[in-house]
Amino acid sequence: MQVKSKINSILESALNSIGANPKEVIVSEATKAEFGDFQYNGAMALAKELKQNPRKIAEDIASKLESNELFSKVEVAGPGFINLTINREFLEESLIASLDSRAGVGKKEEQIRVVVDYSSPNMAKQMHVGHLRSTIIGDTIANLFEFLGDEVIRQNHIGDWGTQFGMLVAYFEETGANADAKLSDLEQFYKEAKARFDENEEFATKSRQNVVKLQSGDKATLKLWKTFIEKSLHHAQDIYNSLGVKLDNSHVRGESAYNDNLENIVKELEQRGIAKESQGAKCLFFEDSETPLIIQKADGGYLYATTDLAAIKFRVQELGAKRVCYVVDARQAEHFKQVFKTAKSAGFANEDTLLEHIAFGMMLDKSGKPFKTRSGGTVKLKELIDEAVDRAKSVISRASEYDEQELEHIAKVVGIGSLKYADLSINRQSNYIFDWDKMLSLDGNTALYMQYAYARINSILNRAEEFKIVKPTFSDELERRLALKILNLEDTLNRAYKEAMPHLITNYLYELVSLFMRFYEQNPILKEGVDEEQKNSRLILAKATANAIKVSLNILGIEVLERI
RNA sequence: GCACUCGUAGCUCAGCUGGAUAGAGCACCCGCCUUCUAAGCGGGCGGUCUCAGGUUCGAAUCCUGACGGGUGUACCA
């Protein structure tokens, strides 16, 4: 149910009928409960255009709305605020739709094909905390788009090409018979190879030669390279599985996949006169930027800008994407700005193709400093996940009621849910302070709060006999507000879709569940003294709430539990 | 130097398509379990929205500048 858009269109015709045609009509949720459910503040802005008193305009608009059965109250306040209260009966009737598995949320009218590029781990190393945000924000966005009807193509643009592989190959050859054993810890293997690379010039040269061999398709080198990739992918897949992220090998299309196209990309850009030579390198210059985008080095080598351009071309022209989302660290903002601009001017993407950098802030430690990237100080993703699960296990209050296997499952769902929720609930654009205690604390606005509410509802539904799917009757204002919140899910998801902002969903969830918790405390469902009709109504409210929670959490990639 | 970005309660964050006394959680204090899961609920404490100008009937929100933090800035990805 899209309550807001419904109101917007009613408002729009009301506005038109008094001769106003604002370019956008937007109601917002009321800032105070006493103002009603929604408010429209546009009357004040129209005062100049219409050369009328804003209060008068508001009253004119209000008089057109009053007759509409959607509203039970239309009120003009102050200089020209229009406060709207939604008719209780309308909510009662609409709530039934929320009992289905989509919590009453429809698909978008226009559905498009979207590529979401996320995770993109480096294949030479283990995944670490630095990969967490891209992986879970990207997965959430992909889930959300899919849920609303888009055809989503997930792309894992893995870092599987470049110097580090020359290095690994060289080290593998050097260690000979021990190599296979050593590979069981790829991280360690990489470290040793890197150390060799830094200290030994001969080794470094050999590594670079291996890169050339790789790029020119030398069979033996390629074979070795493949074993590294397989090993790494296997590791990444373990992480995805335990995180419940929907990436698999079919989504992998790494840097190496574009290797053969790079030459043509450069050629094409040169022929179109977009690329120019400067200091021996092939570059693209931009008016608003003093640094160019380099697509080919002076020594002939290609760069990640070249790969990215090849990838855009592939995604738009071969995959047919109308929207391409790059879930990548905010530090690459300028890079993507230039790449997108180039892709459009070169015709790799159409003018109306949406190329978006879904930027997110860095992960900082408690003292506000960035995590180290190279020198051993990083937290491995695997360790992080394990600890999240361990901590969750130690916190489960009803632990004695479960057997070992059940406990394990609950700990996993709660621990990983908390880990993801903590990240997703923060506006992705700001830096994210990574704090074990906060992330794994199981209080407040966390996954656990939602999961707990869900389990509470489930407990009631299990106890209750089947309830009738008939129009409920709300017994107080709280129930009416809870219903309205449930019906707001679709508007929330649509806004989160437009802005690619997962935290809008967590904000919504928190409001929804807070309302439910109050309802739960105040309005008994199965207790004595509750009449049949009331009981039935409240069961419908509870069920609809559970659906909204489940749908929202599923989009965030977080599981619910029947019992906790 | 230039560009981008952020600066809201002790801490972590919402709010920023301009609107009516700026909202949460944590922490701290008080109250609520013989009845649907107290991992909960209710109440209290706590803010010159970094500062200074400007636009506007109205600014945490838009613009300019200053200060402070972060990031990026020619052949790494």
Side-chain angles (χ1 to χ4, degrees), chain A residues 24 26 28 30-32 34-35 39 41-42 44-45 47-48 54 77-81 83 120 122 157 159 161-164 255 278-283 288-299 301-305 307-308 328-335 337 359 361-362 364 366 368-370 395-398 401 414 422 425-427 429-433 435 437-438 441-446 448-449 451-453 455-464 495 499 503-504 506-507 510-511 514 517-530 535 538 542 563-564:
Chain A
E24 248 186 329
I26 300 175
S28 47
T31 49
K32 298 262 173 203
E34 67 213 64
F35 298 152
Q39 54 180 308
N41 308 323
M44 275 98 76
K48 261 197 189 137
F81 298 101
N83 293 331
S120 312
N122 189 319
H157 191 78
W161 212 234
T163 320
Q164 67 264 43
E255 292 164 1
S278 170
Q279 298 173 31
K282 298 200 173 129
C283 306
D288 54 355
S289 166
E290 45 180 67
T291 54
L293 189 69
I294 302 177
I295 53 171
Q296 189 169 20
K297 297 193 277 187
D299 69 6
Y302 302 107
L303 294 131
Y304 79 131
T307 312
D308 276 345
V328 182
D329 194 322
R331 282 177 288 194
Q332 297 193 32
E334 174 137 33
H335 166 75
K337 212 171 130 192
M362 293 180 304
L364 307 175
K366 233 174 173 173
K369 287 180 188 147
V395 172
I396 294 167
S397 57
R398 269 172 283 270
E401 296 174 20
V414 171
S425 61
I426 289 170
N427 183 330
Q429 303 195 64
S430 37
N431 287 338
Y432 172 48
I433 297 201
D435 174 353
D437 293 329
K438 194 195 169 218
S441 119
L442 305 173
D443 301 314
N445 180 14
T446 60
L448 185 64
Y449 185 70
Q451 287 164 331
Y452 182 57
R456 277 179 142 187
I457 297 171
N458 199 256
S459 168
I460 292 174
L461 295 176
N462 281 341
R463 258 166 227 265
R495 193 172 159 212
E499 300 177 30
H503 82 289
L504 296 176
T506 62
N507 285 358
Y510 189 58
E511 287 166 8
S514 295
M517 288 294 200
R518 276 173 63 195
F519 161 76
Y520 178 91
E521 300 280 340
Q522 283 177 32
N523 298 9
I525 300 176
L526 302 177
K527 295 179 187 177
E528 249 171 80
V530 184
K535 178 176 134 189
R538 289 177 180 172
R563 261 194 348 139
I564 188 170

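Reminder, nothing fancy here: chain letters follow the sequence lines and each chain counts from 1.
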query: side chain to side chain donor-acceptor pair (under 3.5 Å) with A:Asn431: which residues, sequence neighbours excluded?
result: none
Inter-nucleotide P distance (B:rG19, B:rC63), Å rounded: 15 Å
Could you list all N or O pairs between the protein and nucleotides 70-74 of chain B that sit under 3.5 Å apart?
from, atom 1, to, atom 2, distance (Å)
B:rA74, N1, A:Ser278, OG, 2.8

field: Pairwise P distance, B:rC2 and B:rG65 [rounded to whole Å]
entry: 11 Å
Test side chain to side chain donor-acceptor pair (under 3.5 Å) applied to A:Arg518 - qualifying residues, sequence neighbours left out: none
field: Whole-Å gap separating C1' (B:rC36) and CD1 (A:Ile460)
entry: 4 Å
- prompt: Distance between the C1' atoms of B:rC16 and B:rG23, in whole angstroms?
  reply: 13 Å
query: What are the two closest heavy atoms between A:Ala464 and A:Leu526, and how far apart are they?
result: CB-CD2, 3.8 Å
query: How would nucleotides 39-45 of chain B be written as a contact map, 5' to 3', with B for base contact, S for sugar-phosphate-only contact and - for no contact, using protein heavy atoms under 4.0 Å?
result: BBSS---
- prompt: With rounding to whole Å, what would you report as the distance between B:rG54 and B:rG40 at their P atoms?
  reply: 48 Å
query: At under 4.0 Å between heavy atoms, what does A:Asn523 touch on the DNA or RNA strands: base, sugar-phosphate, or nothing?
result: base
task: In whole angstrom, give me the gap between the C1' atoms of B:rU50 and B:rA9.
output: 15 Å
statement: Whole-Å distance, A:Glu34 CD to B:rU21 C1', equals 9 Å
- prompt: Pick one for B:rC41: is it syn, with its angle within 90° of 0, or anti?
  reply: anti
task: Tell me, please, which residues at least two apart from A:Ser459 pass side chain to side chain contact (heavy atoms under 4.5 Å, CB included).
output: A:Arg463
Atom-pair distance (OH on A:Tyr302; P on B:rC76), nearest Å: 15 Å
task: Could you tell me whether a side-chain N or O of A:Arg538 sits under 3.5 Å from a main-chain N or O of A:Pro524, the two making a donor and an acceptor?
output: yes
- prompt: How would you label the contact of A:Gln164 with the nucleic acid (heavy atoms, under 4.0 Å): base, sugar-phosphate, or nothing?
  reply: nothing
field: C1' spacing across the pair B:rG68 / B:rA24, given as an integer number of angstrom
entry: 26 Å
- prompt: C1' atom, B:rU8 versus B:rA60: distance in rounded Å?
  reply: 7 Å
message: So, using ring-ring contact (aromatic ring centres under 6.0 Å, His included) as the criterion, who are the partners of A:His335 when residues are at least two apart?
response: A:Tyr304
message: If the condition is side chain to side chain contact (heavy atoms under 4.5 Å, CB included), which residues does A:Gln451 pass it with, not counting sequence neighbours?
response: A:Val413, A:Val414, A:Ala447, A:Leu448, A:Leu553, A:Ile558, A:Ile564
message: Test of understanding: with side chain to side chain contact (heavy atoms under 4.5 Å, CB included), list the residues that count as partners of A:Thr163, not counting sequence neighbours.
response: A:Phe197
- prompt: About how many Å separate CD1 of A:Ile525 and NZ of A:Lys535, when rounded to the nearest 0.5 Å?
  reply: 10.5 Å
field: OP1 or OP2 of B:rC11 under 4.0 Å from side-chain N/O of A:Lys366
entry: no
Residues forming a side chain to side chain contact (heavy atoms under 4.5 Å, CB included) with A:Ala330, sequence neighbours excluded: A:Ala359
- request: State the CG-SG distance between A:Leu303 and A:Cys283, to the nearest 0.5 angstrom.
  value: 9.5 Å
message: Once you apply a heavy-atom cut-off of 4.0 Å, does A:Ala298 come out as touching a base, just sugar-phosphate, or nothing?
response: base
field: Pairwise 5' ranking along RNA chain B for A:Ala333 and A:Glu528, keeping only the more 5' one
entry: A:Ala333
I'd like a list of close polar pairs between nucleotides 14-20 of chain B and the protein, N/O only, cut-off under 3.5 Å.
from, atom 1, to, atom 2, distance (Å)
B:rA14, OP1, A:Asn427, N, 2.8
B:rA14, OP1, A:Ser430, OG, 3.4
B:rA14, O2', A:Asn507, ND2, 2.9
B:rG15, OP1, A:His503, NE2, 2.9
B:rA20, N7, A:Gln39, OE1, 3.3
B:rA20, N6, A:Gln39, OE1, 3.2
B:rA20, N6, A:Asn83, OD1, 2.4
B:rA20, N6, A:Asn83, ND2, 3.4
B:rA20, N1, A:Asn83, ND2, 3.2

- prompt: Separation of A:Asp435 atom CG from B:rG25 atom C1', in whole Å?
  reply: 14 Å
task: Could you provide the dot-bracket string of RNA chain B, using ( ) for intrastrand pairs, [ ] for crossing pairs and | for bases paired to another strand, with Watson-Crick or G-U pairs below 3.5 Å?
output: (((((((..((((.....[...)))).(((((.......))))).....(((((..]....))))))))))))....
OP1 or OP2 of B:rC57 under 4.0 Å from side-chain N/O of A:Lys48: yes
- request: Please list, chain by chain and in numerical order, all residues satisfying ring-ring contact (aromatic ring centres under 6.0 Å, His included) with A:Phe35, sequence neighbours excluded.
  value: none
Heavy-atom closest contact (A:Asp308 atom, A:His157 atom, distance): OD1-NE2, 3.9 Å
task: Classify the side-chain pair A:Gln39/A:Ser28 by whether it contains a donor and acceptor separated by less than 3.5 Å.
output: no
- prompt: Given atom CD of A:Gln429 and atom P of B:rG7, what is their separation to the nearest angstrom?
  reply: 11 Å
message: Roughly how many Å apart are B:rU48 and B:rG44, using the C1' atom of each and rounding to a whole number?
response: 23 Å
Minimum-distance pair of heavy atoms, taken over all atoms of A:Ser425 and A:Thr506: CA-OG1, 3.2 Å
